[in-house]
Amino acid sequence: MTNKLVLIDGNSIAYRAFFALPLLNNDKGVYTNAVYGFTTMLLKVLEEEKPTHMLVAFDAGKTTFRHETFKDYKGTRQKTPPELAEQLPVMRDLLNAFRIPFEEVENYEADDIIGTLSVKAAKEGWETKIYTGDKDLLQLVDEHVQVALTRKGITNVDTYDLKALDEKYGLTPDQIIDMKGLMGDSSDNIPGVPGVGEKTALKLLAAHKTVEGVYENLDQVSGKKMKEKLEANEEQALMSKKLATILTEAPIETNIEDLPVQEADQGALASLFKELGFQSLLDRIGAEAETKEDLKDLEVIIPEKLTDEVLTEECALVVESLEDNYHHAAIIGAAAANENGVYFLKPDMLQDPAFQEWAADPDKKKWVFNAKRAVVSLGWEEIKLDGAAFDVQMASYLLDPGASSHDMADIAERKSGLQVQHDEAVYGKGKKQQVPDEDVLSQHLGRKAAALLELKPALEQELDDNEQLELLIDLEMPLSVILGRMEQHGVAIDKEELEALGKSLTERLEAIEAKIHDLAGTAFNINSPKQLGEILFEKLQLPPVKKTKTGYSTSADVLEKLEDSHEIIPEILLYRQLGKLNSTYIEGLLKAVNDKTGRIHTIFNQALTQTGRLSSTEPNLQNIPIRLEEGRKIRHAFVPTREDSVILAADYSQIELRVLAHISQDENLLKAFQEDMDIHTKTAMDVFSVAAEEVDGGMRRTAKAVNFGIVYGISDYGLSQSLGVTRKEAQSFIDKYFESYPGVKDYMDTIVDQARENGYVTTMMNRRRYLPEITSRNFNQRSFAERTAMNTPIQGSAADIIKKAMVDVDAALEESLLEAVMLLQVHDELIFEVSASQADELSELVSRVMESCVELDVPLKVDADYGKTWYDAK
DNA sequence: TTCCTCACGC
DNA sequence: GACGTACGTGAGGAAA
């Protein structure tokens, strides 16, 4: 077997990694992005190339022998950014842990080390592969030497051998140097011949092979100007060529035989990754195995009796069930932890009156992980859980909604000294999921409870430091109980109504399908973008508007552009629309109806979105159609649980823009809401500089899209897409908007500065969102972070407000004599059911509480309506 | 399984 | 001037 040598251009790869990745830092505030990128590349190289020998070459000091030739060599290069410089030593630690040799040689560059070693290897008949981001190294390609150039990112590379080089540039490796000699290199400050770029250089070399060749045949060069330029710069061209030439005989002691790839020092690697916060890489090198060994047996007691030593005044409680969906999920065990010890409770012990009495006692404080899950899963077994006083998962979410995960295992890893295994590792996943033996289960749950006990005070302190304790205790904790009750109550569904809608949809779909197949001249799967693309853009020869990674785009906006070019298009759009209704809403909702209750029980995720909104799953009841009448009919199937009841919907009018008026204190916007103007018309008046009577439908539509953009933080591009105008026009609308609302502009500027300064933004109720990318040098990432900084306080404060409203409404209902139930929340809207006779009273109460739950400098306005179904509550 | 494309809501 | 551009959930197809 031949030996295989991999040579890595350390500085070049480090630079690439640094600029390709966002400026990550670990929990100690140390920058790690370049190290991270470098590591992923090393892992990939080791795995894919399986080299027998390896070396990473670094540049040494500031000056090299090349400076003797040309003192300004690399003269224009910017200083290494300090954020990168501090990472370079860490890379050496990393290489030591990997046991990969590295080298730097005084007076020479990494290129020269690589050149010299690759020649040595070639002489021995070894295969060599060079990893770099620098095209210069292509001059080293030969029969036994390949060069892998980083493309976008770092792990993506283009590999060049002689053939690939010829295909791409039509050059031999030696000619790479000639090319540099002619065109120069601004990054190394190699002058070349002024006026000669890549195109010209390639042309000259194709004709005359080398720099010297060009000058010998100067008379044959076309163009008087070009000839003059070449003539005037002959010396400079030859010097440039010399500068670009990589030494293959640098004085390097190292023998290639001394660079064998060795087994990495797993311990050193694991501890380094841990220190750097590279969790994903820890998993990748199989450090789980090692941490498992670390798990010493925790003493977990299985109590005979549930005394008040086991269930104390303040106690960590774990209630475990396996399914993601906790509605009617079997509880496989529980655990308690307190100052007396850690206890495992078998499922049947939860039926013990001693447990139930303790669980229901609000004065017995429970520290839990995902309170709603515990409340609801116990709730289905008729066990009341009250006094859930601190939710560790919620705390983690509030501290940093953007954290990579809010798993028990990961939170414990990040914030405590205790190790908790991932559920997946204990229970398996998918089909292989199962309940483990009792000793394993009791250990796992015991560890969770013990971790909760340790985490609660720590997280409580962190929240307090951030002034977020109130947000947790007075808002999210009470809300989780309310949401749990809403979920468990469920929403009644008129199955017959859905089935009838489904039947008519299916019939129409079949007819449309037949028509589409007929128009296409062949049967195919309309739901397959791939097949549909082939039919439209190949068979029917329609002009492709947009491409996706995998082929032609067939999205609605593309099809709408083609609407008039073929009669099949409108049919496809209709098929898509109805197909979506049928599969997601008719079939999806019918499947979600619970056998036991006949209702739909969604799960609200309270610890997921980056802005503080809720999300809803299995099924998602926050995206039931409303815009198009066809889909809106689905709402006919959402009915009250009782004959004589109605559905009542109460929604905030323009809550985000009102919040914006309040936090920006823009006078124009404040006034608009204080005078209860139609905000889109008002915006149209301002953006188009016209009077109210002159605002036409198109202007109002545009203004609405602009407001929408402000609220959701979309870019000029996003606005241009939604309006179907150019980016420039979209930008001019935004500019005009800011001119009219200078206070809003000020707010936007200030909040971005604030985000840059603090690293995060906050909402009215002190919800936080960290925006590390705000300092990124990548334009996209930075712009995105800036828009997020502007948008999150708006959307997040609106989320705060409706959450507060839910808590207040719940309390008000409790006090009132109304028999009303809160069913759903859809971001700016609350849905209830109530007996028909009390509907007006509820409407009045809900509107009043929602409007007064916070005091802003503009009024909050609520529209409420009710009817026999959700459809009718409009 | 996992990824991609598409479509629904706010 | 490049880059790929509010947040979510879910369905279906295609590739692994």
Side-chain angles (χ1 to χ4, degrees), chain A residues 19-20 152-153 401-402 429-432 524-533 546-559 572-589 591-592 602-605 608-628 630-632 634-635 651-652 654-657 705 707-722 727 730 769 773 776-792 794-796 798-799 802 824-829:
Chain A
F19 288 107
K152 263 185 200 168
K429 68 168 174 180
K431 280 187 178 164
K432 281 174 246 156
F524 68 101
N525 185 345
I526 307 167
N527 280 323
S528 159
K530 189 165 170 256
Q531 293 183 34
L532 180 61
K546 197 167 69 177
K547 281 208 159 184
T548 65
K549 278 175 221 158
T550 47
Y552 307 107
S553 170
T554 65
S555 62
D557 60 314
V558 167
L559 296 187
I572 291 167
L573 285 166
L574 186 61
Y575 185 87
R576 282 252 180 91
Q577 188 202 334
L578 302 184
K580 171 77 177 177
L581 291 179
N582 201 36
S583 62
T584 305
Y585 296 106
I586 304 285
E587 289 170 14
L589 288 176
K591 263 186 270 174
T602 186
I603 290 178
F604 289 107
N605 198 331
L608 183 138
T609 70
Q610 300 304 299
T611 55
R613 278 186 171 186
L614 302 176
S615 78
S616 157
T617 59
E618 292 187 84
N620 180 354
L621 294 183
Q622 292 183 317
N623 72 344
I624 304 301
I626 187 164
R627 245 180 54 247
L628 303 170
E630 211 64 79
R632 191 173 196 153
I634 302 283
R635 295 180 176 227
D651 68 290
Y652 278 113
Q654 303 298 345
I655 185 165
E656 283 97 350
L657 290 173
N707 280 329
F708 179 86
I710 298 284
V711 166
Y712 288 122
I714 62 176
S715 56
D716 54 352
Y717 176 84
L719 182 62
S720 76
Q721 289 295 298
S722 65
R727 216 162 125 164
R769 182 168 183 183
E773 272 101 11
S776 170
R777 288 159 313 280
N778 177 312
F779 175 84
N780 267 325
Q781 295 189 339
R782 190 178 59 247
S783 305
F784 183 48
E786 287 169 358
R787 293 202 303 275
T788 309
M790 303 179 213
N791 162 254
T792 296
I794 304 173
Q795 204 184 115
I802 194 163
L824 296 172
Q825 187 249 48
V826 191
H827 308 309
D828 64 353
E829 165 180 42

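All chains are named by letter (A, B, ...) in the order of the sequence lines, taking the proteins before the strands, and each is independently numbered beginning at 1. Being a predicted model, the structure only gives us computed values, none of them experimental.
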Outermost contacting nts on DNA chain B, any atom under 4.0 Å from chain A heavy atoms, listed 5' then 3', are B/dT1 to B/dC10
Which nucleotide in the set C/dA6, C/dA14, C/dC3 lies at the smallest distance from any side-chain heavy atom of A/I714? C/dA6
Tell me which nucleotide among C/dA14, C/dA6, C/dT9 gets nearest to the side chain of A/S715. C/dA6
Give the minimum heavy-atom separation between [X] and [Y], together with the two atoms involved.
X	Y	answer
A/S615	A/L608	OG-CD2, 4.2 Å
A/T548	A/S553	CG2-CB, 3.6 Å
A/N620	A/I624	O-CD1, 3.9 Å

If you apply the rule side chain to side chain contact (heavy atoms under 4.5 Å, CB included), what do you find for A/R769 with A/T611, and how did you get there? CA-CA 7 Å; A/R769 182 168 183 183; A/T611 55; 3.8 Å; yes
Determine the contact category for [X]: base if any of its heavy atoms lies under 4.0 Å from a base atom, sugar-phosphate if only primed atoms, P, OP1 or OP2 are that close, otherwise nothing.
X	value
A/F784	sugar-phosphate
A/L608	sugar-phosphate
A/N791	nothing
A/R613	base
A/V826	sugar-phosphate
A/K429	sugar-phosphate
A/T554	sugar-phosphate
A/Q721	nothing
A/G430	sugar-phosphate
A/R727	base

Does either side chain, that of A/D557 or that of A/S555, offer a donor lying less than 3.5 Å from an acceptor on the other one? yes
What integer distance in Å separates [X]:[atom1] from [N]:[atom2]?
X	N	atom1	atom2	value
A/Y717	C/dG1	OH	P	18 Å
A/D557	C/dT5	CG	P	14 Å
A/K530	C/dG13	NZ	P	13 Å
A/Y575	C/dG13	OH	P	9 Å
A/Y712	C/dA6	OH	C1'	8 Å
A/N778	C/dG1	CG	C1'	14 Å

Taking the side chain as every heavy atom from C-beta outward, state whether [X] and [Y] have any atom pair closer than 4.5 Å.
X	Y	value
A/N582	A/E587	yes
A/Y585	A/K580	yes
A/I714	A/Q721	no
A/L621	A/L589	yes

OP1 or OP2 of C/dC7 under 4.0 Å from side-chain N/O of A/Q622: no
Kindly say if A/S615 contacts the phosphate of C/dT9, meaning a side-chain N or O under 4.0 Å from OP1 or OP2. yes
Is a side-chain donor or acceptor of [X] paired with a backbone partner of [Y] at a separation under 3.5 angstrom?
X	Y	answer
A/Q531	A/N525	yes
A/E656	A/Q795	no
A/T602	A/T617	yes

Stem ranges of DNA chain C by first residue number, counting only runs of at least 3 Watson-Crick or G-U pairs under 3.5 Å, come to B:1-9 with C:7-15
Pairwise C1' distance for C/dT5 and C/dG1, with rounding to whole Å: 16 Å
Integer angstrom distance from the P of C/dG4 to that of B/dT5: 14 Å
Name the residue from A/L581, A/N527, A/L559 that meets the side-chain contact (heavy atoms from CB on, under 4.5 Å) definition with A/R576. A/L559
Check the interface with nucleotides 10-12 of chain C: list each N/O to N/O pair with the protein under 3.5 Å, or write none.
| from | atom 1 | to | atom 2 | distance (Å) |
| --- | --- | --- | --- | --- |
| C/dG10 | OP1 | A/E618 | N | 2.5 |

